[in-house]
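I have placed the structure first, in the form of structure tokens, so that the comments after it can refer back to it.
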2 protein chains.
Amino acid sequence: MTAKRTTEEKMTAGRQQVADSIEKLGNKLVGQIEAKDNPSIEIPIRGSSNVFYDEKGKKIVLGDKVAHRYLFNVSHARRFMQTMLVASYVKKDLLANNLTATLRDLYYAKKRTIANTKENTIEEQKESDMAIVDLEVSLDTFRERLHLRAEPKGRMAGDVVVNDRVKDKVDTIDLSRMGSGGWAVPSIVEQIEFKDVGVEYVLVAEKNAIFDRLNEDGYWKKNKCLLMTTAGQAARGARRLLQRLTEELKLPAYALTDSDPYGWYIYSTMKYGSMALAHESDRLGCPQLKFLGLSMSDIEHYDLRSVTIKAKEVDIKRAQEMKEYDWFKAKEWQSEINKFLDKKIKAEIQALSSKSLQYISSTYLPDKINSKDFLP
Amino acid sequence: MTAKRTTEEKMTAGRQQVADSIEKLGNKLVGQIEAKDNPSIEIPIRGSSNVFYDEKGKKIVLGDKVAHRYLFNVSHARRFMQTMLVASYVKKDLLANNLTATLRDLYYAKKRTIANTKENTIEEQKESDMAIVDLEVSLDTFRERLHLRAEPKGRMAGDVVVNDRVKDKVDTIDLSRMGSGGWAVPSIVEQIEFKDVGVEYVLVAEKNAIFDRLNEDGYWKKNKCLLMTTAGQAARGARRLLQRLTEELKLPAYALTDSDPYGWYIYSTMKYGSMALAHESDRLGCPQLKFLGLSMSDIEHYDLRSVTIKAKEVDIKRAQEMKEYDWFKAKEWQSEINKFLDKKIKAEIQALSSKSLQYISSTYLPDKINSKDFLP
């Protein structure tokens, strides 16, 4: 029987593992150079021809098509060099010093004019961003493990105590004592430990306004839930944290968005991942997530017809596309989308405020949760 | 000698005061109706003809021009009615129940088809938004005192303990124990009490990325500062909190933005207020705020020339306009703007990452603060 590893030990081992895999990649290339072979990297293809819906795992994933990138190939050489610059920065600047950086920091750090030429290593940030994803997928890891931060977004409140660490400093944070602000969800959440968990489910609201409403009404206290807002499309940190909450703590999770294709899209990205980030679904997707509302039938059931909004052409086009997606093929979703296409109306979650300000916390949410009225 | 009022007593009294002033407005109108006068409201004019720069107070303010809005005037009647709907919602739904709402909630709550007509009380949200501002200025108060919330944005960390309250629940929040996330700045900050303050200044960064960098480097701990990010253009909550920190705690405050007209605009809005919200400068402006950087001379001094960006036409046009603003007439700012117009380059704050990731916290910031190298 071995002692359970501390979070610090796990984090250190994680860094070492990524550093080792970069070292291994480097050694392979050195071997190829010494053998006078053309140095090459294997990179899984991320285009739509290699993106699939995994019905069983309920996520959008990459297939097994792989591309080989060669140093001595005019159309590969530049991106090859950029991938090496990224690998070097991640290993030597970030992992070795236990520091994190943004994609933009990396761009600035590695942008240089190559000696005796007029050629820049990186011209625009999108080049280094692409090289970062190349490295992620070729190492079968993800951005946060490379110590690269994304823009954080989102807030939380509820009866959960977490430990979060910044380098050697460990803070114990009681999410039930965050006042009207809430705790800001960080960019990287790998280091977070869940301590005392006094909640029965997670409620994720698309909108800050709903977080504020439910926080003011003491909803999370009365209903034993952990309340989170993604403040729009969910950031990577919020998505990963949601996944960890549902997988490690086995908490059910329900999403609350507007009743329109954009709301469905926010939901589906949190649940299944996205086509653009199919290589990340394993760690950013949350297959357990269910759609609580606002649904098309809610509009009738809660008599919200007078506060609906006429759908725009772009909404209708979007809905028609979504209807064809494999991950919207469940009959409940086909019926939801058909209702939308039939009535051509949408509704914001705040439309519930037309009943009364506290209707959402006193009636709508308890109703929906008690009757398990969710979309899959 | 009277005992010091508690925050709760102050909040209650504040609500009562606003409710009384709405009542007074209503009584005045009833009096006019009974006297068979044409009911009217006095509303300070907010157009550019009534917006001035107050050199002494260092803020953008409204002049004393006032408009009269009459109920029996075809071009006033609709807006008159909407202002009354807003006043009624604020008094009866919000203040009376000690609840807060968003502008959108109010819109949904008060949008109705008027009986026996095809006329809606409010067609689009911008109508009720305008009516809200009308009520604010005519009562000489501000939105948060009407219990209306704006979208919150921003995060904080530092050696400061605050009490924040949500209705009757008071939370004591230690901003030095917020891990990598930070405390999310709320929409309304009137109720926040500053308890233990172990900092010597406030550092406001425009960007989340800089907050994360400085938090990871333990900058706020080592340098005894309260760190805040506005995550772009500052939200009302963040602006008001910054004002309270500088006025009530007498803390100096320094802003850190990109070196470009948009960065200057973010700074000037936090410091002087804006023309669109001139009626709010008194409570949202922060005249003590100073501009730490990134400045045009920093680009040369810190040898960042190779990581600058060519200014766009729109940047140049914006700079030419800003050069004429009364609040940019200080010789230091005229010189800053001239340098920009001369060189036609801009630089992001992350350009400092080209030196090294921790250069900003180990060298740049201590340098600038020790030498008091600020723009006014």
Side-chain angles (χ1 to χ4, degrees), chain A residues 93-94 97 99-102 104-109 111-113 149 151-153 155-156 162-167 169-173 176-189 191-192 208-209 212-213 215-216 218 221 231 237 306-307 348 350-354 356-358, chain B residues 93-94 97 99-102 104-109 111-113 149 151-153 155-156 162-167 169-173 176-189 191-192 208-209 212-213 215-216 218 221 231 237 306-307 348 350-354 356-358:
Chain A
D93 290 79
L94 303 184
N97 301 309
L99 293 173
T100 65
T102 62
R104 195 123 188 99
D105 290 323
L106 182 147
Y107 162 72
Y108 276 119
K111 184 188 171 87
R112 288 285 178 276
T113 304
R149 270 184 271 119
E151 183 77 2
K153 218 168 55 173
R155 305 187 283 151
M156 293 173 85
V162 299
N163 275 358
D164 184 16
R165 65 175 60 223
V166 179
K167 305 204 78 173
K169 175 174 176 281
V170 179
D171 292 339
T172 298
I173 305 164
S176 73
R177 292 273 161 210
M178 291 291 118
S180 54
W183 186 55
V185 178
S187 321
I188 299 185
V189 301
Q191 74 291 349
I192 292 172
N208 266 317
D212 286 336
R213 172 79 270 125
N215 192 37
E216 183 168 286
K221 187 90 191 164
S306 67
V307 279
E348 289 190 297
Q350 293 104 311
L352 292 163
S353 303
S354 66
S356 81
L357 198 51
Q358 296 180 295
Chain B
D93 290 78
L94 303 184
N97 301 310
L99 292 174
T100 66
T102 62
R104 195 122 188 101
D105 290 323
L106 181 147
Y107 162 72
Y108 277 118
K111 183 188 173 86
R112 288 285 178 275
T113 303
R149 270 185 271 120
E151 183 78 1
K153 217 169 54 171
R155 306 188 281 151
M156 291 172 86
V162 299
N163 275 359
D164 185 15
R165 64 174 60 222
V166 178
K167 304 204 82 174
K169 176 174 176 281
V170 179
D171 292 338
T172 298
I173 305 164
S176 73
R177 293 272 159 213
M178 290 291 118
S180 53
W183 186 55
V185 179
S187 320
I188 299 184
V189 300
Q191 74 291 350
I192 291 173
N208 266 316
D212 286 337
R213 172 79 269 127
N215 192 36
E216 184 168 286
K221 188 88 191 164
S306 67
V307 280
E348 289 190 297
Q350 292 104 311
L352 291 164
S353 303
S354 66
S356 81
L357 198 50
Q358 296 179 296

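Proteins get letters first, then strands, A, B, ... in listed order; numbering begins at 1 in each. Note that these values count all heavy atoms, side chains included, but never hydrogens, waters or copies made by symmetry. All figures in this text were calculated on a predicted structure; none of them were measured in a lab.
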With a 4.5 angstrom heavy-atom cut-off, could you sort out which part of T100(A) is near chain B: side chain, backbone, both or neither?
-> both
How many angstroms lie between atom CG of L357(A) and atom OG1 of T102(B), to the nearest 0.5 angstrom?
-> 8.0 Å
V166(B), part contacting chain A, at a heavy-atom distance under 4.5 Å | side chain
Which atoms of V170(B) approach chain A - backbone, side chain, both or neither, heavy atom under 4.5 Å | backbone
Checking heavy atoms, do the side chain of D93(A), its backbone, both or neither come under 4.5 Å from chain B?
-> neither
Considering only heavy atoms, which portion of E216(A) lies under 4.5 Å from any heavy atom of chain B: side chain, backbone, both, or neither?
-> both
Given a strict heavy-atom distance threshold of 4.5 Å, which part of S356(B) is in contact with chain A: side chain, backbone, both, or neither?
-> neither
Could you tell me whether a side-chain N or O of R155(A) sits under 3.5 Å from a main-chain N or O of G181(A), the two making a donor and an acceptor?
-> yes
Which portion of S187(A) sits near chain B, non-hydrogen atoms under 4.5 angstrom = side chain
Where does L106(B) contact chain A at under 4.5 Å (heavy atoms): side chain, backbone, both or neither?
-> neither
Is a side-chain N or O of N163(B) found less than 3.5 angstrom from the main chain of G179(A), in a donor-acceptor match?
-> no
Salt bridge (charged side-chain N to carboxylate O under 4.0 Å, His left out) partners of D164(B), counting only residues at least two apart | none
With E348(B) via salt bridge (charged side-chain N to carboxylate O under 4.0 Å, His left out) - residues at least two apart = R104(A), K207(B)
